[in-house]
Structures are given as structure tokens and as C-alpha cells.
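Just so you know, these numbers use all the heavy atoms, side chains as well, and skip hydrogens, waters and symmetry mates. Proteins come first, then strands; the chains are lettered A, B, ... in the order of their sequence lines, and each starts at number 1.
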There are 2 protein chains.
Amino acid sequence: MESPQDWPTGRLLSTAARLVEHAWAERLETVGLTHAGLIALHLLGEGARSQSDLARSARVQLQTMARTVERLERHGHVTRQRDAADARRVLVARTPEGAALLEQAQRLESEALPPVSDPAALRALLLEVVRSASGGRFPAS
Amino acid sequence: MESPQDWPTGRLLSTAARLVEHAWAERLETVGLTHAGLIALHLLGEGARSQSDLARSARVQLQTMARTVERLERHGHVTRQRDAADARRVLVARTPEGAALLEQAQRLESEALPPVSDPAALRALLLEVVRSASGGRFPAS
DNA sequence: GCTGGATGCTCAGCAGGCTGAGGAACGAGG
DNA sequence: CCTCGTTCCTCAGCCTGCTGAGCATCCAGC
């Protein structure tokens, strides 16, 4: 009960994620990004996308993504503007500063995961989990 | 970039954890517990433990555990009292209600992880990650 | 004894998830 | 047209992580 060995797998998953996220966040701090911000910046790609589109891709709720984007905008990493063609949408695009940051940050991100005996197997298993748990909640992403 | 397949492993880990946690929380809601509360309740065992002790075991900060315990107390799942032997400590113990809830909740927790091709391998790999990422941050847990 | 470091806790405040409620715009159908 | 359902977004509020600051207590060493 005291040791992680005896924990249920779900709890192990959450804990591992949190620990890795922390290491990751520490590095990102040096370039002035949070991990959620990096994901959003990454998903943006070259063109502009709507917030709900980003949210679906990132597997988070629209409200969560809206706040992340708002923070990125406040720091000058992205711009937001109403879509002229569909006034419900807000189009988000990277600024040059955002693009520059993204490039630095991506190099840091890959270093955050501690070395593990079989990285490919870990990836494959996590992918299985994501796929099967995304069902319904984030359709057609 | 759009699909999880192309994500870095750390991001996959976080996403998988969040999705599983969500499924888990949904079930726990039916018995009136949050996932953090369940962990604390579980780690308590039969006897009383101090908050910092619980925090170390759960791999969270003392402040986080304090708030979780405070919530459990508010709902009548645990009791808190100053340690007579060391007045800095707060001793936390399960109430009978808390113990009853725990038993129900543990059955639910195990169902939350979606079936995966090699559960044992997933466990083993996650355990590696937790072990190597706990270093320094949560000594001698 | 007293002082000073270590330890346990609380308070305040931030970021990132979530839900629920409600407003504005689009679009299909009567 | 106009209505009604859907979609996109915002606002408010909760829970869980985190940090930093500050307080009380203990204990070792002088």
C-alpha cells in the first residue's frame, strides 16, 4: 500500500504523468511557456485554426483550450480574431515570437521523459489507451 | 500533427492519464469521492498517519494533500487531530463512513482502465517511469 | 537555558483540467 | 421570412496540482 508497486494501474498512470509533466514544465519555464501552451502552439501548425478545432485535437474541453489560448495571446505568442466567414469562430494563429518559441520548446520536450527499458512499447500501449478512452468524448479528431 | 500517433511520448502519457482519470472520476462520483480523496483514503490504512507522510506516499506536495484531507474531513470521511506527542503533526484517520466508501470505491477504480493488449507490460513500464522520476522530489517514500 | 536549523502545517495565488449555463451566429425546414 | 436546432464561444465555479511565504514546534549543540 505504501509503495507504487501495489497501486492500481490507473493510479500509476496518473502519477507517472504528473511526475513527467513536472520535469517537462521545469524545462519549458526557461523559454516562457507552459505545457498546455506548447501543445496548443504545436497543434496550430502554419495556418489559423478555431478554438474548438484545437480543443478536439488536444483532447480537452473547449473552455480549457479557450483559457490556454487567452494566456498565449496575453503573452504575445498567438493572435486571435473573429472569422469573417463565420462570426461564431475565433481564428487563432501563431505570431513570429510564438513560432520561434515553439522551435526551442520542442527540443526540450523530448528530453523530459526519463529513459525506460522499452520506449516503443510504452508509446504503443499509451496509444491504445488514448484511442480507446477518446471514444465518444472526442469524436473525429 | 493532428493525430496522437505523431505526439511525443510525454504528451501521450499526460493525455492517456487525463482520459483515464476522467472515466475513473465519473464512477467515483456515484459514491461521493474524488480520485484524490480515494488515494488519500487508501493510503491511510487502518491507523492514523500525518499529512506530510501521506503526501510523500502519494507523491504530491504537502499543501495539496492538506487540501484533499480537509475536503475529506468536511464530508465526514476522515478525522483530523493534533498529535499529542508532536504538536506540529496532524493525525488523520478514517471514519467508519470513510472505510465503507473506500471499499466500494476500490472496486470501481480497477474498472476504469480500458483493456489494453499487455496490461502487465504497461504496469511495469509505468513503474519504471514513476521510480526514475520520483528521484529527489519524493525521497524515501 | 537558548538559539537556530529542520520539520509540519496553513494561507494565498497561479495553471490546467472539468461542468453548467447562457449568448450569438449559422443553417435547414417549414 | 422565421423558427428551431446546432455550433462556437464566454463566464462562473469547482477540484487538483504547483510555488512561495510565514508560523509553530521540535531538537541538537553551544
Just the rounded figure in Å: distance from [atom2] of [N] to [atom1] of [X].
| X | N | atom1 | atom2 | result |
| --- | --- | --- | --- | --- |
| L54(B) | dT7(C) | CG | P | 18 Å |
| L13(B) | dG17(C) | CG | P | 14 Å |
| E70(A) | dG16(C) | CD | P | 11 Å |
| H75(B) | dC14(D) | NE2 | C1' | 11 Å |

Checklist outcome for this item: Under a 4.0 Å heavy-atom criterion, the protein footprint on nucleotides 16-26 of chain D, written with B, S and -, is BBBBB----BS
Next on the checklist: Could you work out, with side-chain hydrogen bond (donor to acceptor under 3.5 Å, both in side chains) as the rule, every residue matching D118(A), not counting sequence neighbours?
Outcome noted: none
Item to check | Partners meeting side-chain hydrogen bond (donor to acceptor under 3.5 Å, both in side chains) with Q63(B) (sequence neighbours left out) | outcome: none
Does [N] have OP1 or OP2 sitting under 4.0 Å from an N or O in the side chain of [X]?
| X | N | value |
| --- | --- | --- |
| S52(A) | dC9(D) | yes |
| R49(A) | dC8(D) | no |
| R80(B) | dG8(C) | no |

Next on the checklist: Please check: side-chain N/O of R59(B) versus main-chain N/O of R137(B), any donor-acceptor pairing under 3.5 Å?
Outcome noted: no
Next on the checklist: Going by salt bridge (charged side-chain N to carboxylate O under 4.0 Å, His left out), name the pairs with one or both residues in residues 11-24 of chain A, residues two or more places apart or in two chains.
Outcome noted: R11(A)-E109(B)
Item to check | With D83(A) via side chain to side chain contact (heavy atoms under 4.5 Å, CB included) - residues at least two apart | outcome: A85(A), D86(A), R89(A), L91(A)
Checklist outcome for this item: The salt bridge (charged side-chain N to carboxylate O under 4.0 Å, His left out) partners of R131(B) (sequence neighbours excluded) come to none
